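Here is the structure we will look at, set down as structure tokens.
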Amino acid sequence: MSPLFLAGHPALDFLNTALAPQGRPIELIGNGGLLVDWLRGAKLLSEQETLDVKRRFGVKALDSAAREARVVREWARAWLARWRMASAEDKAEDLRFLNRLLAYEMRTRQVVVVDEGLRLVERARLETPEAVLALIASQIAALVTTEDPSLIKDCAGHGCTLWFLDRTKAHRRLFCSAAACGNRAKVAAFRGRQRAAG
């Protein structure tokens, strides 16, 4: 199964790399190659950076990073679920964990040509496999520092385990995808009305 990028934020798309439609668990970052490909799909790595990371670190180191990423994902899932209700004291241990991950991040600045002009850009320096985890941690940090926790929602679709950020104007989004879970809910409601009427 291909990764899903429908949550509206890379941190939540990362949580959605473990899903269980209708109770069947599916793991989308089961090895290092899949993790790096997910980072490229989430636009956290360029195509060239993806190739460089795979070549530089190798299968064994990236598989280890993927195992760590799965641990980080489950920690993030539990923390974000508690986020709305936690007091500042309750967040201290989680913030220490997040900040340890962020400490792996190194940045570099480069001047690049963009549309016939020059631009100064900042990029992650991926010197160690742990720096890959820092890419994910920076998205989690961005989520908790810039978004309203009440807008992080679980899909209301029957059997769906996906998360999303509700960016709709009225904040009434219920489903991870209107085309998938939203449509299934409409069909189920229609069938229910037909059964009740007939």
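Remember, predicted model here, so these are calculated numbers, not experimental data. Any value given below was found using the heavy atoms of this structure, including those in side chains, with hydrogens, waters and symmetry copies removed.
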For the side-chain hydrogen bond (donor to acceptor under 3.5 Å, both in side chains) test, which of Glu122, Arg119, Arg123 pairs with Gln110? Arg123

Hey, what do you get for NZ (Lys153) to SG (Cys176), rounding to the nearest 0.5 Å? 13.0 Å

Taking the inter-plane angle between the rings of Trp79 and Trp75 on a 0 to 90° scale, is it parallel (under 30°), tilted (30 to 60°) or perpendicular (over 60°)? parallel

OH/Tyr104: more than 12 non-hydrogen atoms of other groups inside 6.0 Å: no

So which heavy atom on Ala66 is nearest to which on Gly32, and how close? CB-N, 3.6 Å

When clusters are formed by joining ILVMFWY residues with side-chain heavy atoms under 4.5 Å apart, either directly or through shared neighbours, do Val114 and Val121 land in the same one? yes

Find out if a path of hydrophobic residues (ILVMFWY) with successive side-chain heavy-atom gaps under 4.5 Å connects Phe5 to Leu34. no

Are the side chains of Asp37 and Lys54 in contact, using a 4.5 Å heavy-atom criterion? yes

Between Lys60 and Asp63, does any NZ, NE, NH1 or NH2 come within less than 4.0 Å of an OD or OE carboxylate oxygen? no

Answer yes or no: is there an ion pair linking Lys91 with Asp94, defined by an N-O contact shorter than 4.0 Å? no

Close side-chain approach of Ile140 and Val72, heavy atoms under 4.5 Å: yes

Establish whether Phe164 and Leu151 are linked, either directly or via other cluster members, by ILVMFWY side-chain heavy-atom contacts under 4.5 Å. no

Between Leu62 and Val36, is the side-chain contact (heavy atoms from CB on, under 4.5 Å) condition met? List the steps. CA-CA 8 Å; Leu62 289 176; Val36 174; 4.0 Å; yes

Could you tell me the separation between the CD1 atom of Ile136 and the CG atom of Leu44, rounded to the nearest 0.5 Å? 8.0 Å

With rounding to the nearest 0.5 angstrom, report the CZ to OG distance, Phe57 to Ser64. 12.0 Å

side-chain contact (heavy atoms from CB on, under 4.5 Å) between Asp148 and His171, worked out: CA-CA 11 Å; Asp148 180 343; His171 304 304; over 6 Å; no

What distance separates Asn31 CG from Arg67 CZ, expressed to the nearest 0.5 Å? 10.5 Å

Can you list the steps and then say if Arg167 with Glu147 is a salt bridge (charged side-chain N to carboxylate O under 4.0 Å, His left out)? CA-CA 10 Å; Arg167 294 188 188 271; Glu147 301 296 344; 3.3 Å; yes

Side chain to side chain donor-acceptor pair (under 3.5 Å) contacts touching residues 6-19 (sequence neighbours left out): Thr17-Arg73

With side chains defined as the heavy atoms from C-beta onward, is the minimum distance between Leu80 and Leu15 less than 4.5 Å? yes

Val132 vs Leu45 side-chain heavy atoms within contact, under 4.5 Å: no

Determine the minimum heavy-atom distance between Trp163 and Ala7, stating which atoms define it. O-CB, 3.3 Å

Give a yes or no on whether a salt bridge exists between Asp166 and Arg172, defined as a side-chain N under 4.0 angstrom from a carboxylate O. no

Let's go through Phe14 and Trp38 carefully: what are the C-alpha distance in whole Å and the side-chain angles of both, what is the deciding distance for ring-ring contact (aromatic ring centres under 6.0 Å, His included) to 0.1 Å, and is it a yes or a no? CA-CA 8 Å; Phe14 177 62; Trp38 180 86; 5.6 Å; yes

For the atom pair CD (Glu127) and OG1 (Thr108), what is the distance rounded to the nearest 0.5 Å? 9.0 Å

Under 4.0 Å between a side-chain nitrogen and a carboxylate oxygen: does that hold for Glu74 and Arg77? yes

With rounding to the nearest 0.5 Å, note down the distance linking CD in Gln139 to CG in Leu143. 9.0 Å

Can you hop from Leu102 to Leu95 via hydrophobic side chains spaced under 4.5 Å? yes

Okay, side chain of Thr50, backbone of Arg40: is any donor-acceptor separation there less than 3.5 Å? no

Closest non-hydrogen atom pair between Leu135 and Ala124, with its separation: CD2-CB, 3.7 Å

When Ile, Leu, Val, Met, Phe, Trp and Tyr are grouped by side-chain heavy atoms lying under 4.5 Å apart, directly or through other members, which residues fall in the same group as Leu162? Met1, Leu4, Leu6, Leu19, Ile26, Leu28

Between Phe175 and Cys155, which heavy-atom pair has the shortest distance, and what is it? CA-SG, 3.7 Å

For Leu98 and Ala137, work out which heavy atoms get closest and say how close. CD1-O, 3.6 Å

Would you say Val113 ends up clustered with Val111 if hydrophobic residues are merged whenever their side chains have heavy atoms under 4.5 Å apart, either directly or through other cluster members? yes

When you look at Ser46 and Glu49, which way does the side-chain hydrogen bond (donor to acceptor under 3.5 Å, both in side chains) test go after all the steps? CA-CA 5 Å; Ser46 68; Glu49 288 169 324; 3.3 Å; yes

Are the charged groups of Glu105 and Arg107 less than 4.0 angstrom apart, N to O? yes

Output, in order, the C-alpha distance, side-chain angles, deciding distance and verdict of side-chain contact (heavy atoms from CB on, under 4.5 Å) for Glu130 and Glu68. CA-CA 9 Å; Glu130 291 81 14; Glu68 287 298 314; over 6 Å; no

Check Leu35 against Ile29 and note the closest heavy-atom contact, atom names and distance. CA-CG2, 3.9 Å

